[in-house]
Amino acid sequence: MMLSVSVFRARPRLASSRHFTKREVKPITATAVDHVCIVAKDVDASILWYKSVLGMEHKFTDAAHFYPTCSESPAFMQQGSAKIAITPLDSQQLSSTFMKRRKYGEHFALAVSREEFSRAERELPALLKLHAPPGHSVDIEACDYGHQLSLFFSDIDENVVELTTWVDPASTQRLSK
């Protein structure tokens, strides 16, 4: 399965052309912090450390777009509901708008339901435009990782935020963009 990535400028894509106020667009509801992404000089050594010290399990080892299948992608470690994405520090995959903005790809991800993710695809552009300071980027990057659908965007301090939902890779319900 090929990684699907698209970057778009936040433009409300709502049926009406009228301007929406902050009260008319409901905030996106996250259910939890999904994962934190850290960087490592040696991903294999970090995997071993997290296994040995914290008893975490290396997930998605045979999945495309996850380490080690794709050496430039993050390794996902999990114990219970705690998840850490470990991104290679020397990754050459810095073509992403948001990876360029952040030096090594560090970010945090908020879990949303599949329904809330679909709503975020439609309404997040309007929310970002309504709440962006002058001159602030309102770009959104949508990624389909097979097991995971994600929307990346920046907060007002240029921190990268990810909204993510986990899906069955065989599901036909993918990104709407």
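Residues that satisfy the ring-ring contact (aromatic ring centres under 6.0 Å, His included) test with F76, not counting sequence neighbours, are H35, F66, W166. Scored by the salt bridge (Lys or Arg N to Asp or Glu O under 4.0 Å) test, E162 finds no partners at all (sequence neighbours excluded). In this view, A132 and H136, V138 satisfy the side-chain contact (heavy atoms from CB on, under 4.5 Å) rule, not counting sequence neighbours. By the side-chain contact (heavy atoms from CB on, under 4.5 Å) test, D62 pairs with no residue at all, sequence neighbours left out. Evaluation of the salt bridge (Lys or Arg N to Asp or Glu O under 4.0 Å) rule for R114 yields no partner, not counting sequence neighbours. By the side chain to side chain donor-acceptor pair (under 3.5 Å) test, T164 pairs with Q148, S150, sequence neighbours left out.
The shortest non-hydrogen separation linking A120 to L163 is CB-CD1, 3.9 Å. Considering every non-hydrogen atom in both A126 and V25, the closest pair reads CB-CG2, 4.4 Å. Across every non-hydrogen atom of I47 and A75, the tightest pair is CD1-CB, 3.8 Å. For T29 against V112, the heavy-atom pair with the smallest separation is O-CG1, 3.6 Å. Closest heavy-atom contact between V43 and P88: CG2-CA, 3.7 Å.
The backbone N or O of G146 sits less than 3.5 Å from a side-chain atom of R174, completing a donor-acceptor pair. No donor-acceptor pair closer than 3.5 Å links the side chain of R119 to the backbone N or O of E115.
Atom CG of L127 is separated from atom CD1 of I140 by 9.0 Å, given to the nearest 0.5 angstrom. With values rounded to the nearest 0.5 angstrom, L149 atom CG is found 6.5 Å from T165 atom OG1. A distance of 5.0 Å separates CZ of F153 from CG of L124, quoted to the nearest 0.5 Å. For the atom pair I84 CD1 and Q78 CD, the distance stands at 10.5 Å (nearest 0.5 Å). To the nearest 0.5 angstrom, L110 atom CG is 8.5 Å from T31 atom OG1. Taking CG of L151 as the reference point, atom SG of C143 lies at 8.5 Å (rounded to 0.5 Å).
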Please list every donor-acceptor pair under 3.5 Å in which a side-chain atom of residues 49-58 meets a protein atom from a residue at least two apart or in another chain.
from	atom 1	to	atom 2	distance (Å)
S52	OG	L48	O	2.9
H58	NE2	Y67	O	3.1

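Judged as a salt bridge (Lys or Arg N to Asp or Glu O under 4.0 Å), the pairs with a partner in residues 27-40 (not counting sequence neighbours) are, in order, D34-K83.
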Verify side-chain contact (heavy atoms from CB on, under 4.5 Å) between H147 and D168, making sure each step is shown before the conclusion.
-> CA-CA 6 Å; H147 287 277; D168 179 342; over 6 Å; no
In sequence, state the C-alpha distance, the side-chain angles, and the governing distance for H107 and C37, and then conclude on side-chain contact (heavy atoms from CB on, under 4.5 Å).
-> CA-CA 6 Å; H107 66 275; C37 184; 3.2 Å; yes
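For the pair I86 and P74, the minimum side-chain heavy-atom distance is 4.5 Å or more. Side-chain contact check for T61 versus P68: some heavy-atom pair is nearer than 4.5 Å.
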